[in-house]
Amino acid sequence: MVSKASRSRRSTVAAMDSAEVRDAYDVMAIQDRWLPIWDELAPFRSGRADDPRPKKYVLDMFPYPSGDLHMGHAEAYALGDVIARYWVQRGFNVMHPIAWDAFGLPAENAAIKNGEDPVRWTYENIAQQKASMRRYACSFDWDRVFNTCDPEYYHWNQWFFLRMFERGLAYRKDSNVNWCPNCQTVLANEQVVAGLCERCDTAVTKKKLTQWYLRITDYADRLLDDMRELEGKWPEKVLLMQRNWIGRSTGAEVQFAIEGRDEPVTVYTTRPDTLYGATFFVVAADSDLAAELAAGTAAESEFVAYLERVKQISEMDRLDSSREKSGVFLNRYAINPVNGERLPIYASDYVLADYGTGAIMAVPAHDQRDLDFARAFGLPVVVVVESDEDPRVTGIATADDGPHINSGPLDGLGKADAITRILELLVERGTGEPAVNYRLRDWLISRQRYWGTPIPIVHCPSCGEVAVPDDQLPVTLPPAEGLDLKPKGTSPLGGASDWVNTACPSCGGPATRDTDTMDTFVDSSWYYLRYADPDNAAAAFDPALVREWLPVDQYVGGVTHAILHLLYSRFFTKVLHDMGMLDFTEPFTRLLNQGMVVMDGSAMSKSRGNLVRLSDELAEHGVDAIRLTMVFAGPPEDDIDWADVSPSGSRKFLARAWRLSGDVTSMPGADPSTGDVELRKATHRAVHDAAIAVETFRFNVAVARTMELVNATRKAIDSGCGAADPAVREAVEAIAIMLSIVAPYTAEDMWSRLGHEPTVFLAGWPAVDPALLVEDTVTCVVQVGGKVRDRLEVPPSISEEDLRDLALAAPGAIKALDGAAIRTVVVRAPKLVNIVPA
RNA sequence: GCGGAAGUGGUGGAACAGGCAGACACGCUGGUUUUAGGUACCAGUGCCUUCGGGCGUGCGGGUUCAAGUCCCGCCUUCCGCACCA
């Protein structure tokens, strides 16, 4: 495909005579000409102290160096580049940085599979991506680059971890975690896709392990409430997904006495008003409470067997909500605090150990899960909220509002009133209180992997968990050589005995380092801060520099990170704010989610055989045509189906635009005010409309306006005012500048052919003359009964009366009316008149 | 199951605040230049038509002088969450 394209290009050039060659748009030659010059000029450097321009921070999500850039990168970085370059043209000092999210599993997999050194593998990929980005003409500030796998960077991961450790925000606990029996490793929730390990598709199970967590749940309310300031600036979809993820619910905690136990057990419920309908009590089978309640009872052996069975159930099967309810009666009873009824206690896996208190009151009439369980175990169902359908008959629990019955003091009350009343009663009697719960869990950051940030903790037999002192940071990774990186349930770092065995920083006795590494989401939770001060060896960043640039004005990235990365970054920002390091609480002021590039309707993948290689596309069509195709395809947040777009069409348009620059015969600096007014109006209209389109993320429309101007200019040269008219120069220069944000090579070459020095990127967005935006005539539509029957050319300032008279006299209107009487005439000067017949 | 978003020509998509539906492209058709064309330029291109016009923004209603746009009820597709008490 490539060779065919390049062969035809060569033969084309060979067949042309010299005049044609001079006038040919040679994409590859243009790329080769300008790249070294831009390297020299570095037009997008943003760090100069004496720069008087106002600052703006445009940020693209940084890439993982898994190989060379692909079509998805090409789209994302083309869009981010339009925004960054536009603001540079508007006179801003734009910081548009890039770095590499360089820790992570693929490096380790390459090491396991091919015996590669993760360090070498990673840095080679970074070098390749960097070279590709330069050629792709990304307007990055190359002076601010870093890699998260550099000790100079992850030093500060460790430093932040320790600050959180000091504040109790980083802690270790035992918990049931996702476990892949094949990979022999812990998985984060996000790595479990439909109950399967995202890497090997093995059914995931649960395992009890001691792991490090960050206490993000402490920030749940702020993460939720602060979204108010992102309203209208972030995609509504992302805000919604974050709200759902945090999952705040309000209800009550109610204490139930347990027969034969000193302490009562607290349950959480969102429906305390249905307390009188509770007929049994359920504890999570895998909770400590269940084991304790079962201990020593006749049901103990049955419970142990059940628990064993539950543990074997894969995550995939567990998520199947149509599964039959199962459980074990523990031979024990809880006492309903409002009516003293004895509720049998069951252990079941439909109650989650880590949500609420791991125990529930079951109200089968008004909760489907409880009803399913009640029917499976023959338990009574008591309706306490009246409704048309009886759950005992239908098998469908009712959750609607309605008057309460069988509920003592709540009888007759509606849901809201009943909740208020029962809360008062519970508080009065000291058996309950209002409570809030979250779906969000603390962030598990331990990973039993090699290629990540070592957790800077030393385990000492006498002092316990001891923080590595700041002056001993960073705790650097030992070399991979000699370590067994294969997943085996414990961190590969455990095999580096020289590294693991160390002196306790507190007592000096023999101790061991923590062998887990951090989730790579830690790396990306603060990288946007590091750009402000990337080379700081004494601190993560200088707060003064961060204050200058942050928060990020515009963040651009895929919706795949809608929850985790963005939530974690927001969390970090708030923690750092509380530590006094930041003066803002939200890191990303505006967010744009770009779509994906797909092929023939589905995501590209090697196995599907629909993979389009970016390098092939670039070789065939050139950088600018690919960038233009990405931008012109449609709204940025929509997916692009590569089968539906036309990179060759993009290239033809660019050639057409480029040729204009060779036609201009007026000299640089020619005064446009003497030029052709019609073309000037088209130019100023296009520049004005394109700017609005870019600022509202309608980049495809901005390109359409540029295309219209190219068409108008072509016409003006060939059959209008002619190439010598200064309006033509004005138009072509405007086109070069408008194109500079999308197709930088073509734009720069046009700029040069127009007699200007590089670089067009700093030429400045053309000033719009408002006088040229005013039309001298407007097309007025004359409707009869809502249908267009005639058109009039009228001055925009025409009065309603005059327009009405003109419309009534319009031949098309008279014909359509056919003598009918007129009921009313709606006049919307100057664009529309609607004559309504009686 | 719950929550959300979106349905416009053959295709990708335009349409400010309820006021000319289909901008700009792709594709297709015809023409000009060319030994040739995967080039360039010009013209045409929503559907139907008895050439008067009629019909058209997923479907069915409604509001309005006027609806792709607002309201009600469906259908379809995509996305997120999924025993969260």
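These numbers were taken from a predicted model, which means no experiment stands behind them.
Computed from coordinates, the A:Lys815 NZ to B:C51 C1' distance equals 11 Å when rounded to whole Å. Summarising the geometry, the separation between CG on A:Asp641 and P on B:A25 is reported as 22 Å, rounded to the nearest angstrom. Here the C1' atom of nucleotide B:C24 and the CG atom of A:Asp689 are 13 Å apart, to the nearest Å. Following rounding to the nearest Å, A:Asn700 (CG) and B:C26 (C1') show an atom-to-atom distance of 14 Å. Here B:C26 presents its P atom at 8 Å from CZ of A:Phe632, a figure rounded to the nearest Å. Look at CG on A:Asn834: it is 10 Å from P on B:C65, rounded to the nearest Å. Atom pair A:Trp245:CH2 and B:C79:P shows a separation of 17 Å (rounding to whole Å applied). In this structure, A:Phe699 places its CZ atom 16 Å from C1' of B:G13, rounding to the nearest Å.
Using a 4.0 Å heavy-atom distance criterion, A:Arg714 is classed as making no nucleic acid contact. The residue A:Thr824 sits apart from the nucleic acid: no heavy atom pair falls under 4.0 Å. Among the atoms of the strands shown, base atoms are found under 4.0 Å from some heavy atom of A:Val351. Using a 4.0 Å heavy-atom criterion, one finds that A:Glu236 contacts no nucleic acid atom at all. A:Leu240 comes within contact range of the sugar-phosphate backbone alone, with a heavy-atom separation under 4.0 Å but no base atom that close. Residue contacts shown for A:Val781 include a base, since a base heavy atom lies under 4.0 Å away.
Of the nucleotides present, none pairs with B:C20 by Watson-Crick or G-U wobble criteria with both distances under 3.5 Å. If you check B:C28 for Watson-Crick or wobble pairing at under 3.5 angstrom, you find it paired to B:G44. Base pairing of B:U57 is not made with any nucleotide, judged by Watson-Crick or G-U wobble geometry with both donor-acceptor distances under 3.5 Å. In this structure, B:U76 and B:A6 make a Watson-Crick or G-U wobble pair, each of the two defining distances being under 3.5 angstrom. Shown here, B:A15 forms no base pair; nothing in the strands shown gives a Watson-Crick or G-U wobble contact with both key distances under 3.5 Å. Of the nucleotides present, none pairs with B:U33 by Watson-Crick or G-U wobble criteria with both distances under 3.5 Å. The partner of B:A82, taking Watson-Crick or G-U wobble pairs whose two distances both stay under 3.5 Å, does not exist in any strand shown.
Across B:C47 and B:C79, the matching C1' atoms stand 33 Å from one another, rounded to whole Å. Comparing B:C2 with B:U8, their P atoms are spaced 26 Å from each other, to the whole Å. Comparing the P positions of B:G38 and B:U29 gives an interatomic distance of 13 Å, to the nearest angstrom.
Residues A:Glu793 and A:Thr777 bring a donor and an acceptor atom of their side chains to less than 3.5 Å of each other.
One finds no side-chain N or O of A:Lys237 lying less than 4.0 angstrom from the OP1 or OP2 phosphate oxygen of B:C79. Side-chain N/O atoms of A:Arg705 include none lying less than 4.0 angstrom from OP1 or OP2 on B:A14. Taking only side-chain nitrogens and oxygens, A:Asn711 comes nearer than 4.0 Å to OP1 or OP2 of B:A25. Distances shorter than 4.0 Å separate some side-chain N or O of A:Ser249 from OP1 or OP2 on B:A85. At the phosphate of B:C41, OP1 or OP2 sits under 4.0 Å from a side-chain N or O atom of A:Arg656. Distances shorter than 4.0 Å separate none of the side-chain N or O atoms of A:Tyr350 from OP1 or OP2 on B:A85. Taking only side-chain nitrogens and oxygens, A:Lys787 comes nearer than 4.0 Å to OP1 or OP2 of B:C55. Using a 4.0 Å cut-off, some side-chain N or O of A:Arg439 falls inside it from OP1 or OP2 of B:A82.
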Exercise for review: Please assess A:Val694 against A:Phe699 for the test side-chain contact (heavy atoms from CB on, under 4.5 Å), listing each intermediate value before the final yes or no.
Suggested key: CA-CA 5 Å; A:Val694 170; A:Phe699 309 127; 4.0 Å; yes

**Study point:** Residues A:Asp372, A:Tyr350; criterion side-chain contact (heavy atoms from CB on, under 4.5 Å); working and verdict
**Key:** CA-CA 11 Å; A:Asp372 293 344; A:Tyr350 89 89; over 6 Å; no

Check your understanding: A:Glu637 and A:Leu592: side-chain contact (heavy atoms from CB on, under 4.5 Å), yes or no, with the steps?
Key -> CA-CA 8 Å; A:Glu637 56 274 12; A:Leu592 174 66; 4.2 Å; yes

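Between A:Ala704 and A:Asn437, the residue whose closest nucleotide on RNA chain B is further toward the 5' end is A:Ala704.
Glycosidic conformation of B:G61 is anti; the angle lies outside 90° of 0. Using a 90° window around 0 for the glycosidic torsion, B:G52 falls inside it and is classed as syn.
The side-chain tip of A:Lys325 does not point at the ring of A:Phe373 from less than 6.0 angstrom away and within 45° of straight on.
Side-chain atoms of A:Lys831 and base atoms of B:C20 include no donor and acceptor less than 3.5 Å apart.
Picking from B:A14, B:G19, B:A85 the nucleotide with the shortest atom distance to the side chain of A:Val701 gives B:A14.
Looking at A:Glu775 and A:Lys831, no side-chain N of the basic residue comes within less than 4.0 Å of a carboxylate O on the acidic one, giving no salt bridge. Note on A:Arg804 versus A:Glu801: no salt bridge recorded, every NZ/NE/NH1/NH2 to OD/OE distance being 4.0 Å or above. We find that A:Arg659 and A:Asp663 are not joined by a salt bridge, their nearest charged nitrogen and carboxylate oxygen being 4.0 Å or further apart.
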